[in-house]
Amino acid sequence: MTDRSIPAGDRQGLSRRGFLGGVGASAAALTVGGVLGDARPASAAYYMKWGAVVSPGDASNNIDFSRKVDILRRMRPQTARISMFWGDPYNRRFSDAQLDSLRGTGLTEMIIQSSEDPDPSLARHQLSLMLPYIDAHPNTLFVWEIGNEPDWHQPTNPWLARWNRLATIRDNKPSQDRGNLLWAVNMPAGRWAGDGTGFTGSSGGYFDSFVRDTGDGLGGMLSGPYQPDVVTVHCYSSTYLKRGADGGGERNPYKMIDYVRGWNNRISMKVTEAGIDGYKSDRGYRYVSFGSSVANETAGQIDSVCFYGIPPAEREYGIGEGEADQIGTHP
């Protein structure tokens, strides 16, 4: 879904090698978790980081920032996706002090979301606003997530969406990279003809066009000289976040995970939005079931999950205190 809603002390000396560990999310998760995190693993095999999407508010729908922090803390988080440029692509929506408060909930990872559909120049401007904070916290892993749900913002032009993201990495990573920074690209949401959004294609066709090497020198999204360090995916359902829910097929909440793994079953992955659209008294526990199983089901390729979202968020997705307490029972 498009985000339409409006510390612990640092230790020196961790390098990019220390954060990534080796090929695949399993090694990255185990390395970072062993050094930085104190959460127990989601299973005997793979470490999992838990968190939520944190969106800014406005005068009409904002909630007290301290409440956002409290809701996140109740989830016992290690990660959070910060909608840093939502509604204003040229200015940050969270101050350093607010980020410090979020980090104080236990975060060892912060996923910083760009604006929804940036080009290389705009993405460069946005990351430049974050680099002083990233440099000041070398013991926190930052993930720079480029774009959001390209099939929402470029529904008829996956080629341009692909070019903007890979060209952002080509043009900006050499000068803007940091040892505690990973570069990520958000995958399509998985829309399909007749889903109510006006999308006229197929989810698989759009995805193939978005990730395929077109011969323009940028390579493929999931392989090639400018592939991201991490790809991020979204998982939504009306019932359960498990493969085959809601009748499977186009409504399968694992669809985008499966698409990525069909092309590359080793690239590191993070779930940066996951949710069940509608109130259920045990929805938080259903989220725990998903987060506890997805690492094993992907052989460790996924190492973190952020649920959507801490208010303000669409009402059917908003996580309140009680639901946050349910999520906080995670392993």
Side-chain angles (χ1 to χ4, degrees), residues 2-3 16 19-21 23-29 31-32 48-49 51-54 78-86 107-120 122-124 126-127 130-131 134 140-151 153 161-174 176-189 207 210-211 218-235 256-257 259-261 263-264 266-274 294 298 300-306 308:
T2 298
D3 181 8
R16 182 185 202 82
F19 282 120
L20 276 172
V23 177
S26 172
T31 301
V32 176
M48 175 59 70
K49 287 171 280 189
V53 177
V54 184
Q78 296 80 44
T79 187
R81 185 204 203 200
I82 314 300
S83 301
M84 181 59 71
F85 296 96
W86 171 245
L107 304 186
T108 59
E109 170 183 284
M110 298 190 85
I111 301 168
I112 305 298
Q113 185 186 359
S114 76
S115 60
E116 297 287 293
D117 192 37
D119 59 25
L122 180 56
R124 181 180 184 86
Q126 291 169 354
L127 183 54
M130 289 303 308
L131 286 178
I134 292 170
T140 297
L141 173 62
F142 291 88
V143 180
W144 174 230
E145 186 182 40
I146 304 166
N148 185 58
E149 298 188 352
D151 49 343
H153 298 283
R162 165 194 168 275
W163 187 92
N164 276 334
R165 287 150 177 80
L166 290 179
T168 290
I169 295 173
R170 178 196 64 191
D171 296 350
N172 299 331
K173 189 175 181 180
Q176 291 188 307
D177 205 13
R178 297 295 190 270
N180 61 330
L181 177 66
L182 301 180
W183 293 64
V185 170
N186 184 236
M187 294 292 102
F207 180 84
F210 181 69
V211 302
L218 290 173
M221 182 67 67
L222 304 178
S223 62
Y226 306 111
Q227 78 168 52
D229 302 313
V230 179
V231 297
T232 60
V233 299
H234 296 171
C235 303
M256 199 51 55
I257 293 174
Y259 282 172
V260 170
R261 300 196 76 221
W263 280 77
N264 186 332
R266 304 227 0 122
I267 193 168
S268 295
M269 298 173 65
K270 296 179 183 294
V271 178
T272 51
E273 288 186 31
V294 69
T298 59
Q301 197 169 352
I302 290 175
D303 78 319
S304 70
V305 56
C306 290
Y308 186 75

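FYI, side chains are in, hydrogens and waters are out, and symmetry mates aren't considered; it's all heavy atoms of this structure.
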[X]: what forms a side chain to side chain donor-acceptor pair (under 3.5 Å) with it, not counting sequence neighbours?
| X | value |
| --- | --- |
| D151 | none |
| N264 | none |
| Q126 | S115 |
| T79 | E109 |

- Task: Would you confirm whether S114, through its side chain, and G147, through its main-chain N or O, come within 3.5 Å as a donor-acceptor pair?
- Result: yes
- Query: Is it true that a side-chain atom of D119 and a backbone atom of N164 form a donor plus acceptor pair closer than 3.5 Å?
  - Reply: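 The answer is no, because no donor-acceptor pair under 3.5 Å joins these two groups.
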Reported [atom1]-to-[atom2] distance for the pair [X] and [Y], which is rounded to 0.5 angstrom:
| X | Y | atom1 | atom2 | answer |
| --- | --- | --- | --- | --- |
| E116 | N148 | CD | CG | 4.5 Å |
| I82 | T272 | CD1 | OG1 | 12.0 Å |
| I112 | R81 | CD1 | CZ | 11.0 Å |
| W144 | I169 | CH2 | CD1 | 11.5 Å |
| M84 | M130 | CE | CE | 4.0 Å |
| S223 | R266 | OG | CZ | 14.5 Å |

If you compare all heavy atoms of [X] against all heavy atoms of [Y], which two are closest, and at what distance to 0.1 Å?
| X | Y | result |
| --- | --- | --- |
| M269 | V260 | SD-CG1, 3.7 Å |
| M256 | P188 | CE-O, 3.3 Å |
| D177 | W183 | OD1-NE1, 2.9 Å |
| A80 | V54 | CB-CG2, 4.3 Å |
| G219 | P225 | CA-CD, 4.1 Å |
| K270 | I111 | CD-CD1, 4.2 Å |

For the residue pair [X] and [Y], establish whether any side-chain heavy-atom pair is separated by less than 4.5 Å.
| X | Y | result |
| --- | --- | --- |
| V211 | M187 | yes |
| R165 | D117 | yes |
| T140 | L107 | no |
| Y226 | V185 | no |
| L222 | Q227 | no |
| W86 | Q113 | no |
| Q301 | I257 | no |

- Query: For L127 and I134, what are the C-alpha separation, side-chain angles and deciding distance, and is it a side chain to side chain contact (heavy atoms under 4.5 Å, CB included)?
  - Reply: CA-CA 10 Å; L127 183 54; I134 292 170; 4.1 Å; yes
- Item | S268 vs D229, side chain to side chain contact (heavy atoms under 4.5 Å, CB included): CA-CA, chis, key distance, verdict | CA-CA 7 Å; S268 295; D229 302 313; over 6 Å; no
- I267 vs M221, side chain to side chain contact (heavy atoms under 4.5 Å, CB included): CA-CA, chis, key distance, verdict: CA-CA 11 Å; I267 193 168; M221 182 67 67; over 6 Å; no
- Identify, with sequence neighbours excluded, every residue that meets side chain to side chain contact (heavy atoms under 4.5 Å, CB included) alongside A52. L72, M75, I310
- How would you list, by chain and number, every residue that makes a side chain to side chain contact (heavy atoms under 4.5 Å, CB included) with R124, sequence neighbours excluded?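 N172, S175, Q176.
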- Note on the structure: With sequence neighbours left out, the residues meeting ring-ring contact (aromatic ring centres under 6.0 Å, His included) with Y259 are F207
- Message: One pair to check against side chain to side chain contact (heavy atoms under 4.5 Å, CB included): E273 and N186. What are the steps and the verdict?
- Response: CA-CA 10 Å; E273 288 186 31; N186 184 236; over 6 Å; no
